[in-house]
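Order of the sequence lines sets the chain letters (A, B, ...), proteins ahead of strands, with each chain counted from 1.
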Amino acid sequence: MRINLGYVAMSTIIKDCSPSKTVTVKSLEKIEDKEAKLFKLRSIAKANIQNTQRLFYHNKAHDIKVYRLTSKLIPLATHSITDEWDWFEDVRDDLKSLGEYAKENRFRISAHPDHFTLLNSPREEVLSASLKDLEYHYKVFKGMELDSSAKLVLHIGGGYKNKDKAIERFVSNFKALPQHLKNIIILENDDKTYTALEVLNICKKLKVPMVLDIHHHWCNNNGEDLLDLLEEIFETWMHESVPPKIHISSPKDDKSFRSHADDIEAKALLKFLNKAKVLDADFDAMIEAKNKDRALLNLMKDLSTVPEVKIIDQATIEY
DNA sequence: ACCTGTCAAGTCTGG
DNA sequence: CCAGACTTGACAGGT
């Protein structure tokens with residue numbers, strides 16, 4: 001099986017290349033002139049897109065084909081303070097050429113809205129803010145002219161002291177989403193509330209792909225063996241044009257087991273690969289480590305000494 | 001150039 | 001009902 005590694009949002013290798021620059025509400029409020037305000041926002045947005053383009057060049061140079069966009073590409077995009085700002089119009093051309101490059105190189109692009117984006121909140125205002133945030137992400141993809149292989153990764157949300165009810169709410173709110181959002185949302189197990197098995201069942205019901213997070217599974221499970229779930233998890237991707245995606249991170253230490261370590265422990269990953277190999281399925285693996293792309297390259301280096309691992313390119317292995 | 005408190009957003013726990 | 005933890009890159013103000 002072939003595994004493509006990717007990383008999240010920013011580089012620890014390329015300096016001064018943040019795609020997530022922003023401005024605080026307070027300092028934006030201090031700017032009196034409306035045009036100056038817009039200029040500030042526009043400049044930041046364009047710089048973020050430009051830096052994302054630089055990351056794309058870097059990714060290409062390192063054979064990295066799997067990448068998660070920052071959710072902060074457009075500063076304060078869903079905050080009411082920017083209601084007057086037509087950001088899409090301002091960065092239309094920038095997004096378009098960014099997307100062209102991504103498509104030319106067959107990058108597999110995803111995004112992961114922040115933990116405030118909750119489809120199962122009982123609070124109306126939380127749900128509507130979440131919808132706004134989902135539409136914002138969709139618009140970025142749309143501006144890049146990506147098709148529905150570009151995905152939005154979401155968690156199920158809070159437990160609200162009644163998980164069954166919370167799942168019901170998730171399902172009915174999901175069903176009520178506009179089709180263009182349903183097409184791109186994929187669901188991930190989390191480290192505290194919704195286990196891989198629970199998310200798998202929801203994914204099967206809603207017919208959406210599931211992202212398996214291995215680290216989250218270690219944190220939050222009811223004793224299920226991943227191998228028993230893996231085939232069905234990968235099956236949720238059956239109708240997609242891209243391979244299944246998993247998330248990989250290593251615990252920081254025993255004390256903060258849920259936190260992400262700087263790098264990825266090759267040993268634990270190999271254990272998973274050894275289990276998964278019976279399925280012989282290709283998949284994408286998103287590296288979630290503090291060292292970001294550096295952690296990816298470090299992991300590749302560690303894997304290169306393992307006899308069962310065949311190095312295909314700088315970010316791809318066969319096992 | 002470097003340091004530190006603060007930042008749009010939610011949920012959960014404990015008081 | 002409210003404060004603090006969670007978690008995290010970047011800002012902003014200060015040295």
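Mapped onto DNA chain C by nearest heavy atom, A/Ser20 and A/Lys30 fall at different nucleotides, with A/Ser20 at the one closer to the 5' end.
Atom name P, nucleotides B/dC3 and C/dT7: the rounded distance is 25 Å, in whole Å. Taking atom P on both C/dA10 and B/dG10, the two are 22 Å apart, rounded to the nearest angstrom. As rounded to the nearest Å, C/dA3 and B/dT6 have P atoms that lie 15 Å from one another.
Remark: C1' of C/dG9 and CZ of A/Arg68 are 14 Å apart, rounded to the nearest angstrom. Between the NZ atom of A/Lys40 and the C1' atom of C/dA12 there is a distance of 10 Å, rounded to whole Å. Taking atom NE2 of residue A/His112 and atom P of nucleotide C/dG9, one finds them 14 Å apart after rounding to whole Å. Rounded to an integer number of Å, the gap from CG of A/Asp114 to P of B/dC7 is 17 Å. One atom, NE2 of A/His215, and another, C1' of C/dT7, lie 13 Å apart when rounded to the nearest Å.
Checking the phosphate oxygens (OP1, OP2) of C/dT8, a side-chain nitrogen or oxygen of A/Lys290 falls inside 4.0 Å. Taking side-chain N and O atoms only, A/Ser27 has a distance below 4.0 Å to OP1 or OP2 of C/dA12.
Side-chain to base pairing of A/Thr24 with B/dA8: no donor and acceptor N or O lie closer than 3.5 Å to each other.
Using bins of under 30°, 30° to 60° and over 60° for the plane-to-plane angle, the ring pair A/Phe56/A/Phe107 lands in the perpendicular bin.
A/Thr117 comes within contact range of no nucleotide atom at all, as no heavy-atom separation falls under 4.0 Å. Residue contacts for A/Thr70: at a heavy-atom cut-off of 4.0 Å it reaches no nucleic acid atom on any strand shown.
Connection of A/Met300 to A/Val306 is established within a shared hydrophobic cluster, with ILVMFWY side chains joined at heavy-atom distances below 4.5 Å, either directly or through further cluster members.
When each of A/Val211, A/Leu134, A/Leu118 is checked for a side-chain contact (heavy atoms from CB on, under 4.5 Å) with A/Leu154, only A/Leu134 meets the rule.
Looking at the side chain of A/Leu76, the nearest of the listed nucleotides C/dT7, B/dA8, B/dT11 is B/dA8.
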Encoded 5' to 3' (Watson-Crick or G-U under 3.5 Å; [ ] crossing; | other strand), DNA chain B becomes |||||||..||||||

